[in-house]
2 protein chains.
Amino acid sequence: MARHFKDRIIEGDCIEEMRKLADGSVDLVFADPPYFMQLGGALTRPDQSNVDGVDDEWDKFADFAAYDAFTRAWLTEARRVLKPNGAIWVIGSYHNVFRLGAAMQDMGFWILNDIVWRKTNPMPNFKGTRFTNAHETLIWAARSKEAKYTFHYDALKMLNDELQMRSDWTLPICTGGERLKDREGRKLHSTQKPEALLHRVVLATTKPGEVILDPFFGTGTTGAAAKRLGRHYIGIERSADYVAGAQARLKKIKPVSIEDLAVTKSKKEEPRVPFGQVIEAGMIAPGAWLVGQNGKRARVRADGSLAFGEATGSIHRIGALVCDAPACNGWTFWSLETKRGPQPIDLFRREVRRQMAMAPAA
Amino acid sequence: MARHFKDRIIEGDCIEEMRKLADGSVDLVFADPPYFMQLGGALTRPDQSNVDGVDDEWDKFADFAAYDAFTRAWLTEARRVLKPNGAIWVIGSYHNVFRLGAAMQDMGFWILNDIVWRKTNPMPNFKGTRFTNAHETLIWAARSKEAKYTFHYDALKMLNDELQMRSDWTLPICTGGERLKDREGRKLHSTQKPEALLHRVVLATTKPGEVILDPFFGTGTTGAAAKRLGRHYIGIERSADYVAGAQARLKKIKPVSIEDLAVTKSKKEEPRVPFGQVIEAGMIAPGAWLVGQNGKRARVRADGSLAFGEATGSIHRIGALVCDAPACNGWTFWSLETKRGPQPIDLFRREVRRQMAMAPAA
DNA sequence: ATGCAAGTTGAATCAATCA
DNA sequence: GTGATTGATTCAACTTGCA
């Protein structure tokens, strides 16, 4: 690879531009391709406001066949320009990630992990039709089964409070000051990724001084993380607007030494345990009776709600109802009726929490 | 489907046995197929016979091709036996889930969510060569894009402390007393799923009395959750050992009583009540004034329409008009003006519904 | 300055029924 | 099948505005 390509953004189509790069010339590829979301019409929130969905031209394809052809074309070039011991990261959602992963396996990439990015603040499902789509998936793969890929086990363990870094990462979406805006104050790119996500990727799977290629550079999050962590980047991006935004952004990034990196400490909050999880765990069966501190009894249902006469609701609401109080902490109010006498339900929460504590929030 | 298939385990190959089931005869399929982890050795052909050693001619692509052929074969039968409005759940890991998902999309299944099962207690990565593989992925898909699938949104929301359920589920792996053991005390099945996982799946996406087919029944976790929650199951399993273990397990399961199967209902399921019926019932007289949440007033007419100045229309249309909004739920927007203050009109709808429930339509 | 309330927003395959 | 009508539906994080 010609040396002058390093730390530059190339404006153009990623397949064409990758063809100009030499075989085996980059250490890592990070790719955030279009997801082919196939959104329907307009979507409104319960307050009637409009959801600004992804309607960009770059996300439109005729069908899966067209999307697959595109996917295989850019993956082919990406694999060619990777060094033999190189690796690739690809991010997607359920709309496209299965096609990405299958194509990668077909082409000889060797999957090392799939990583789940759990969003702390995802967009809710406004119509109540599905589960909140609260995560995206990253695939980490070596160029081949034989590749000696880079993995900084200890650095990642340090990032995770001395615990092995797991395959699920909990991070907020990109908002606030980090989100690039256009002159009118609107988001410059509809799907800008948080730098924290790329920070973890770059730190874990590249060495300082190595070259990272991002064929869908967008607003340059990969470049930002690379520059900050002393790696080189090559970005390819079709949109002149995005290129301009990324250029300005990268100019401001100051590289730091690893030891100066402030490691974000994971919050050790006590995990929230819904009462329903006690049911699912089999600790309390649907149909069991709970007795309140005032002696009133209510019956447990399969979804974790309580039935008291005609009324149904959460342990808190029914607790408030039978107390004729505006509010009630159901966890401390109710006990399970057993042959050996009443057992406070909070005991069961403690047990579930003990199990949950092994999967830290961050 | 012949009635005698319900709540039975069929010992045999799932593709052959599914061929004996009638078209459109099951409501839900839950499938936990082999993951094909490629840990060396055991390879299987589409007919599930064992490959004796590694055949060099087949190589890597041949492995995936064989797995894909097997996948498409059983998915084809699964789709055929599903009712038009049926749905499917499939669970896998990064080894196979991308191939599963892509095949499902190719066959016309419509993915609704991918769900991440976060394990609280995963197997650590002993060598420190990758991220701890701490999750598995489930794909939930409708039989087609047009299918009206079942989703008990409100019950799931209740299960999660009145917050809508997300696509990431944190649950422990199956251990302790729940884990089936053989006579020597070793685990009977290497990948037994926790019943809590199936509890959530069954509760969310089936109705009591429906039929759930599990073509890779194993030790019968799907059957256990189905029986406990008042659903029917059909299990298909090749191994006589697993069938015997599942039989013994299921015999011990006690179904939850009918009345405890009720879960939090959706408002969408309640019978529709036209506003005119409230007038007919004499609860609101023609000429009465309604006041909106924004203070605007409109007059009730004899046919259940509202008059606001020159404009007339339904409670929803006039509500939208006075809010200058594209849409409005008139039931929650308007209140009746009375001497004792405003009374939300939804209270009257509730009363009409109560009366209708007591005197069902003749 | 500070604190609280109200408003805004994010990769979204987001309704069901009747005329 | 198509279009109009009814009526159900949101969570966390950040920004703005006002006391």
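Numbered from 1 within each chain, the chains take letters A, B, ... in sequence-line order.
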For D:dT16, is chi within 90° of 0 (syn) or not (anti)? anti
A:T120 or A:Q48, whichever maps to the more 5' nucleotide of DNA chain D: A:Q48
Atom C1', compared across D:dT10 and C:dG10: separation rounded to whole Å: 12 Å
Whole angstrom is fine here: how far is it from CZ in B:R317 over to P in D:dT6? 7 Å
Convert the base pairs of DNA chain D into dot-bracket notation, remembering that pairs crossing earlier ones are written with [ ] and that bases paired across to another strand are shown as |; include only Watson-Crick or G-U pairs under 3.5 Å. .|||||....|||||||||
Modelled atom types, side-chain donor and acceptor of B:Y94 and A:N113, under 3.5 Å: no
Give each protein N/O atom lying under 3.5 Å from an N/O atom of nucleotides 2-4 of chain C, with the pair distance.
none

Using the C1' atom as the reference point in each nucleotide, state the distance between C:dT13 and D:dA12 in Å, no decimals. 23 Å
Partner of A:T170 under side-chain hydrogen bond (donor to acceptor under 3.5 Å, both in side chains), chosen from A:H135, A:R118, A:K119: A:R118
Around A:E184, counting heavy atoms of other residues, nucleotides and ligands shown, do more than 12 lie under 6.0 Å from its CD? yes
Neighbours of DNA chain D within residues 344-352 of chain B, by heavy-atom distance under 4.0 Å: B:R349
Provide, to the nearest angstrom, the distance between the CZ atom belonging to A:R186 and the P atom belonging to D:dT15. 19 Å
Distance check needed: C:dC14 P versus B:K148 NZ, whole Å only. 14 Å
Sidechain N-carboxylate O distance under 4.0 Å for A:E280, B:R200: yes
In whole angstrom, give the distance that lies between atom CD of B:E270 and atom P of D:dG7. 12 Å
Would you confirm whether the ring centroid of B:W169 sits within less than 6.0 angstrom of the ring centroid of B:W117? no
B:T205 and B:W89: side-chain donor and acceptor closer than 3.5 Å? yes
Does A:T132 reach a base, just sugar-phosphate, or nothing at all? Heavy atoms under 4.0 Å. nothing
Using the salt bridge (Lys or Arg N to Asp or Glu O under 4.0 Å) criterion, which residues pair with A:K187? Sequence neighbours excluded. A:D52
Do we see a donor-acceptor contact under 3.5 Å between the side chains of B:R166 and A:T132? no
Considering only heavy atoms from C-beta outward, does the side chain of A:I91 approach that of A:L197 to under 4.5 Å? yes
Starting at CG of B:L306 and ending at C1' of D:dT6, how long is that distance when rounded to a whole Å? 14 Å
Categorize A:G177 for me: base, sugar-phosphate, or nothing, with a 4.0 angstrom heavy-atom threshold over every strand shown. sugar-phosphate
Contact pattern, 5' to 3', of nucleotides 5-13 of chain C - B, S or - by protein heavy atom under 4.0 Å: ----BBBBB
Taking the P atom in each of D:dG7 and C:dA12, what is the distance between them to the nearest angstrom? 30 Å
Applying salt bridge (Lys or Arg N to Asp or Glu O under 4.0 Å), can you list everything that pairs with A:D32, at least two apart in sequence or on another chain? A:K193
Using distance alone, with no hydrogens and no angle criterion, decide if A:S93 and A:H95 have a side-chain donor and acceptor under 3.5 Å apart. yes
Students often get this wrong, so: under 4.0 angstrom with heavy atoms, is A:V97 touching a base, only sugar-phosphate, or nothing? nothing
Any B:Y153 side-chain nitrogen or oxygen under 4.0 Å from OP1 or OP2 of D:dT10: yes
What nucleotide, of C:dT17, D:dA8, D:dT6, holds the atom closest to the side chain of B:R353? D:dA8
B:R354 with B:E351: basic N within carboxylate O range, under 4.0 Å: yes
When the distance from CD of B:E269 to C1' of C:dT17 is rounded to whole Å, what number comes out? 16 Å
Whole-Å gap separating P (D:dC14) and CG (A:L171): 13 Å
Under 4.0 Å between a side-chain N/O of B:H316 and OP1 or OP2 of D:dT6, yes or no? no
Between A:D241 and A:S239, do the side chains contain an N or O donor and an N or O acceptor separated by less than 3.5 Å? no
Going by distance alone, is a donor N or O of one side chain under 3.5 Å from an acceptor N or O of the other, for B:T264 and B:D154? no
Between the main-chain N or O of A:C174 and the side-chain N or O of A:R179, is there a donor-acceptor pair closer than 3.5 Å? yes
